[in-house]
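Worksheet: one structure, shown below.
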Amino acid sequence: MFELLTEHQFWTAVAIYWIFSAAVSSMPDPAGNGSSGYLWLYRFLHTIAGNITTAFGSKIPGLKTFTLLLVALLAAATSACAARYTIHPGALNKTDSAAYDILLVAETAIDQARLDYKSGHLPAGAKPAFDALIQSYNIARDSWLAYRSAIATNAPAAVYFSQLNQNLTDLAVRIRELEQTK
């Protein structure tokens, strides 16, 4: 449920605003001799729940058309900007899929550095960084496999998750170090 809400943030906000507006509209009108606190709360909530069209009414000509156009453009723009991550087929969850992506990036960096090394394009000072990257990749991959195994067998994965996170962070550092030596 939470994932659905985070992937559709704009429409979630619209629905929450609509519910809030409906709740405020259903408040009973304050009585003439009623509490000043309720009168203040009533006015405050109605001011917040009000929209541009009801606030200005017919005071600004063409505002209704402009507001409709503005809302339509805003809705189109914000729904297209939502971050969406597609989980790989066979992945056990988003963490598993993201770790796989990071390992693929590291593997590509290793393959490219290996080609550069064989062709003589890798500087001599880059060899230690290249070796450290390979070692870090192997550790991160083993950690990823252990995490996958824990998830697949319904074992407590918190320890494996923190270790995987640390190993992937180290791997990213090693990739940056190799890139800096080139």
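Within the 3.5 Å criterion, the main-chain N or O of Ser149 finds a donor-acceptor partner in the side chain of Thr153. A donor-acceptor pair is defined here as one N or O able to donate and one able to accept, closer than 3.5 Å; no such pair exists between the side chain of Ser97 and the backbone of Ile87.
Judged as a salt bridge (Lys or Arg N to Asp or Glu O under 4.0 Å), not a single pair has a partner in residues 25-39 (not counting sequence neighbours). The salt bridge (Lys or Arg N to Asp or Glu O under 4.0 Å) pairs that include a residue from residues 140-155 are Asp96-Arg148, where partners are two or more places apart or lie in different chains. The salt bridge (Lys or Arg N to Asp or Glu O under 4.0 Å) analysis of residues 154-176, with sequence neighbours excluded, yields the pairs Arg174-Glu177.
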* To do: Verify side-chain contact (heavy atoms from CB on, under 4.5 Å) between Arg114 and Phe130, making sure each step is shown before the conclusion.
  => CA-CA 8 Å; Arg114 186 174 286 129; Phe130 177 58; 4.0 Å; yes
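In this structure, His121 and Ser119 approach most closely via the heavy-atom pair ND1-OG, 2.6 Å. Here the shortest heavy-atom pairing between Tyr38 and Pro28 reads OH-O, 2.5 Å. The two residues Asn167 and Ser136 make their nearest non-hydrogen contact at O-OG, 4.3 Å.
Tyr137 and Val173 are not part of a single hydrophobic cluster, where members link through side-chain heavy atoms under 4.5 Å apart. Taking hydrophobic clusters as Ile, Leu, Val, Met, Phe, Trp and Tyr residues chained together by side-chain heavy-atom distances below 4.5 Å, Ile139 does not share a cluster with Leu168. Taken together through direct or relayed side-chain contacts under 4.5 Å among Ile, Leu, Val, Met, Phe, Trp and Tyr, Leu115 and Ile134 form parts of separate hydrophobic clusters. The same ILVMFWY cluster, assembled from side-chain heavy atoms under 4.5 Å apart, contains both Tyr42 and Trp40.
Annotation: side-chain hydrogen bond (donor to acceptor under 3.5 Å, both in side chains) contacts of Asn165 (sequence neighbours excluded): none. Judged as a ring pair (Phe, Tyr, Trp, His ring centres under 6.0 Å), and not counting sequence neighbours, the contacts of Tyr100 are His88, Trp144.
Going from atom CG of Leu171 over to atom OG of Ser143 covers 10.5 Å, rounded to the nearest 0.5 Å. Between atom CD of residue Gln180 and atom CD1 of residue Ile175 there is a gap of 12.5 Å, rounded to the nearest 0.5 Å. Note: Leu178 CG to Lys127 NZ = 11.0 Å, rounded to the nearest 0.5 Å.
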Could you pull out every donor-acceptor pair under 3.5 Å between side chains of residues 102-111 and any protein atom, sequence neighbours left out?
residue	atom	partner	partner atom	Å
Thr108	OG1	Leu104	O	2.9

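Counting heavy atoms from C-beta on, the side chains of Leu39 and Arg43 come closer than 4.5 Å.
Heavy-atom neighbours of Gln135 CD from other residues, nucleotides or ligands within 6.0 Å: at or below the threshold of 12.
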